[in-house]
Participant: 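Take this structure, written in structure tokens, and hold onto it; I'll ask about it next.
Just so we're clear, the structure is a prediction, and the values are computed from it rather than from any experiment. Note: hydrogens, waters and symmetry copies are ignored here, and every other heavy atom, side chains too, is used.
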Amino acid sequence: MTDDRFRSDEGAREVREEYARLLSAYLPDVERTVVDGTHVLSAGPDGAPPVLLLHGSGGTSLNWANEIPQLARTHRVHAIDLPGEPGGTVVPRLPLEPGAHAAWLAGVSDALAAADATVIGESLGGWVALDYAAEHPARVRSLALLSPGGLGPRRIAPLLVAGLLSQLGEPGRRAAMQYFTGWTPPTGPGLGHDLGAFRGLVFRTFRPRTDGLPAFGDHALAGITARVSAAFGGRDRMLDGPRAAEHARAVFGEDAVALLAEAGHLLPDRAERVLAAAG
């Protein structure tokens with residue numbers, strides 16, 4: 001059966017196989033489960049404080065391969081593949097309207113016995129985390145947002161530049177990814193290099209969603225009761241980091257927000273922020 005998330009059946013197969021290979025190579029001890037079509041990577045002792053990890057657009061739970069083993073020493077970690085993205089979840093792409101992703105995530109977290117969790121989201125995953133915390137505040141112990149959507153406008157001109165670069169073959173696609181995310185994969189062998197190559201494969205084969213992430217109103221955000229930390233890149237080419245940080249400060253307070261002046265969309269100190277948020 002054709003998977004319409006991808007440009008071809010061959011591309012879908014390549015991504016599935018490489019995803020499985022990288023999981024075996026770098027996260028051999030994680031538990032892989034499927035909850036009503038949602039693919040989840042879990043690790044850490046049962047009964048430990050739960051952490052939910054939500055990746056960004058065009059990503060998978062492999063994005064958290066560096067953080068999962070560290071968090072799993074003291075927490076029960078669940079890295080969740082978002083609906084409609086290139087990971088193992090087969091739930092159809094959900095509408096970007098308030099409550100839709102929150103209802104989905106509530107069902108998944110119930111099945112995982114993680115209804116009182118630290119929730120950490122990056123980019124699109126940050127938007128989903130905000131939706132969940134606003135709709136179900138009692139379920140979120142603390143909320144960590146890494147370049148989240150929903151707090152400021154996205155940038156349009158860099159999309160056009162990235163689109164032009166991506167027409168220049170494989171070197172152009174690599175340049176487009178680096179330009180857009182602000183992240184340059186390591187050249188030597190290892191996790192960073194392999195994740196960079198996997199991102200390139202996904203970029204070449206996956207059909208990303210193109211609808212913008214709606215901004216949350218202050219009334220909805222005011223319903224969030226969890227402790228919040230939010231970080232943004234001053235040179236983010238996907239989202240307007242400075243404006244999003246300004247909005248976040250107005251809602252969550254000055255001390256809850258960091259603006260990294262020289263950072264792009266993917267923050268260089270993400271691991272440290274993730275571990276600090278989990279406590």
Side-chain angles (χ1 to χ4, degrees), residues 5-6 15 19 38-41 51-64 67 78-106 108-109 119-135 140 143-156 158-159 162 176-177 180-183 195 198-199 202-203 206-216 220-221 224 228-233 236-241 243-245 247-248 263-267 270 273-274 277:
R5 293 176 297 170
F6 294 91
V15 170
Y19 188 22
T38 296
H39 179 251
V40 184
L41 306 180
V51 175
L52 305 181
L53 300 175
L54 307 173
H55 62 78
S57 177
T60 72
S61 291
L62 267 174
N63 288 27
W64 306 104
E67 291 88 352
H78 305 288
I80 303 171
D81 283 340
L82 297 182
E85 297 303 317
T89 290
V90 296
V91 175
R93 191 166 281 171
L94 300 175
L96 292 173
E97 57 187 35
H101 283 81
W104 159 78
L105 187 54
V108 173
S109 63
V119 181
I120 301 173
E122 182 175 56
S123 193
L124 170 62
W127 188 94
V128 174
L130 281 166
D131 187 42
Y132 184 59
E135 293 284 331
V140 182
L143 179 66
L145 306 169
L146 305 161
S147 303
L151 294 173
R154 67 172 175 169
R155 298 188 186 276
I156 302 301
L159 278 172
M177 278 198 304
F180 211 36
T181 66
W183 179 65
L195 287 180
F198 184 62
R199 287 175 191 261
V202 169
F203 190 79
F206 178 65
R207 299 181 190 274
R209 69 187 312 155
T210 56
D211 43 345
L213 297 174
F216 290 97
L221 297 173
I224 295 174
V228 177
S229 62
F232 304 87
D236 192 330
R237 290 191 172 111
M238 298 179 72
L239 306 171
D240 189 330
R243 287 179 63 183
H247 186 193
H265 189 66
L266 298 181
L267 303 177
R270 187 185 75 174
R273 292 185 180 278
V274 167

Participant: Just do the side chain to side chain contact (heavy atoms under 4.5 Å, CB included) check on Leu105 and Leu54 with the steps written out, would you?
Facilitator: CA-CA 10 Å; Leu105 187 54; Leu54 307 173; 3.9 Å; yes
Participant: Under a 3.5 Å threshold, yes or no: a donor from one side chain and an acceptor from the other, between Asp81 and Ser61?
Facilitator: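 Yes, side-chain donor-acceptor contact under 3.5 Å.
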Participant: Restricting to non-hydrogen atoms, name the atom on Ala144 and the atom on Ala277 that form the minimum distance, rounded to 0.1 Å.
Facilitator: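 Result for this residue pair: CB-CB, 3.4 Å.
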Participant: Between Glu135 and Pro98, is any pair of side-chain heavy atoms under 4.5 Å apart?
Facilitator: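 Heavy-atom side-chain distance check passes, below 4.5 Å.
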Participant: Quick check: closest heavy atoms across His55 and Trp64, and the distance to 0.1 Å?
Facilitator: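 Minimum heavy-atom separation between His55 and Trp64: N-NE1, 3.6 Å.
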Participant: Provide the closest heavy-atom pair for Ala129 versus Leu145 in the form atom of the first, atom of the second, distance.
Facilitator: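 For Ala129 versus Leu145, the nearest heavy atoms are CB-CD2, 4.1 Å.
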Participant: Under 3.5 Å, is there a donor-acceptor pair between the side chain of Asp131 and the main chain of Gly99?
Facilitator: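 Yes, the answer is positive, given that a donor and an acceptor are paired below the 3.5 Å cut-off.
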Participant: For Ser147 and His265, indicate whether the former's side chain and the latter's backbone hold a donor-acceptor pair under 3.5 Å.
Facilitator: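 Judged by distance alone, yes, a pair lies under 3.5 Å.
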Participant: As an exercise, state the distance from CD1 of Ile120 to CD of Glu67, rounded to the nearest 0.5 Å.
Facilitator: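 If I round to the nearest 0.5 Å, the distance is 8.5 Å.
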Participant: Look at the aromatic rings of Tyr19 and Phe198 and report parallel, tilted or perpendicular, splitting at 30° and 60°.
Facilitator: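 Ring orientation of Tyr19 relative to Phe198: parallel.
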Participant: Do any N or O atoms from the side chain of Thr89 and from the backbone of Val91 form a donor-acceptor pair under 3.5 angstrom?
Facilitator: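 Not confirmed, Thr89 side chain does not pair with Val91 backbone.
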Participant: Does any non-hydrogen side-chain atom of Leu266 lie less than 4.5 Å from one of Glu122?
Facilitator: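 Of all side-chain heavy-atom pairs linking Leu266 with Glu122, at least one is under 4.5 Å.
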Participant: Run the side chain to side chain contact (heavy atoms under 4.5 Å, CB included) check on Leu52 and Val140 step by step: do they pass?
Facilitator: CA-CA 10 Å; Leu52 305 181; Val140 182; over 6 Å; no
Participant: Going by heavy atoms in the side chains, are Pro153 and Arg243 under 4.5 Å from each other?
Facilitator: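 Contact flag for Pro153/Arg243 side chains = yes.
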Participant: Decide yes or no on side chain to side chain contact (heavy atoms under 4.5 Å, CB included) for Ile224 and Phe216, but give the supporting numbers first.
Facilitator: CA-CA 12 Å; Ile224 295 174; Phe216 290 97; over 6 Å; no
Participant: What is the distance from atom CZ of Arg199 to atom CG of Asn63, rounded to the nearest 0.5 Å?
Facilitator: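 CG of Asn63 is found 4.5 Å from CZ of Arg199.
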Participant: Stepwise, does the side chain to side chain contact (heavy atoms under 4.5 Å, CB included) test hold for Val274 with Leu146?
Facilitator: CA-CA 9 Å; Val274 167; Leu146 305 161; 4.0 Å; yes
Participant: Heavy atoms only: give me the nearest Glu85-Gly56 pair and the separation to one decimal.
Facilitator: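 What the structure gives for the nearest pair is OE1-O, 4.4 Å.
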Participant: May I ask you to decide if Phe206's main-chain N or O and Arg5's side chain share a donor-acceptor pair within less than 3.5 Å?
Facilitator: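 Not at all, since once roles are kept as given, no pair shorter than 3.5 Å links the two residues.
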Participant: Within this structure, what is the CZ-CG distance for the pair Phe232 and Leu267, rounded to the nearest 0.5 Å?
Facilitator: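 Reported to 0.5 Å precision, the distance equals 9.5 Å.
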Participant: Could you grab the distance from atom CG of Leu41 to atom NE2 of His78, nearest 0.5 Å is fine?
Facilitator: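 The distance works out to 11.0 Å.
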Participant: Looking only at non-hydrogen atoms, find the nearest pair between Gly149 and Leu213 and report the distance.
Facilitator: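 Result for this residue pair: CA-CD1, 3.7 Å.
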Participant: Between CH2 of Trp127 and CG of Leu82, what distance do you get to the nearest 0.5 Å?
Facilitator: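 Atom-to-atom, Trp127:CH2 and Leu82:CG are 11.0 Å apart.
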Participant: Could you state the interatomic distance from NE2 (His101) to CG (Leu94), rounded to the nearest 0.5 Å?
Facilitator: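 Answer rounded to 0.5 Å: 4.5 Å.
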Participant: If every non-hydrogen atom of Leu143 is compared with every non-hydrogen atom of Ala133, which pair is closest and at what distance?
Facilitator: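 Distance-wise, the nearest heavy atoms are CD2-CB, 3.9 Å.
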Participant: Are the side chains of Leu239 and Leu151 in contact, using a 4.5 Å heavy-atom criterion?
Facilitator: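 A side-chain contact under 4.5 Å is absent here.
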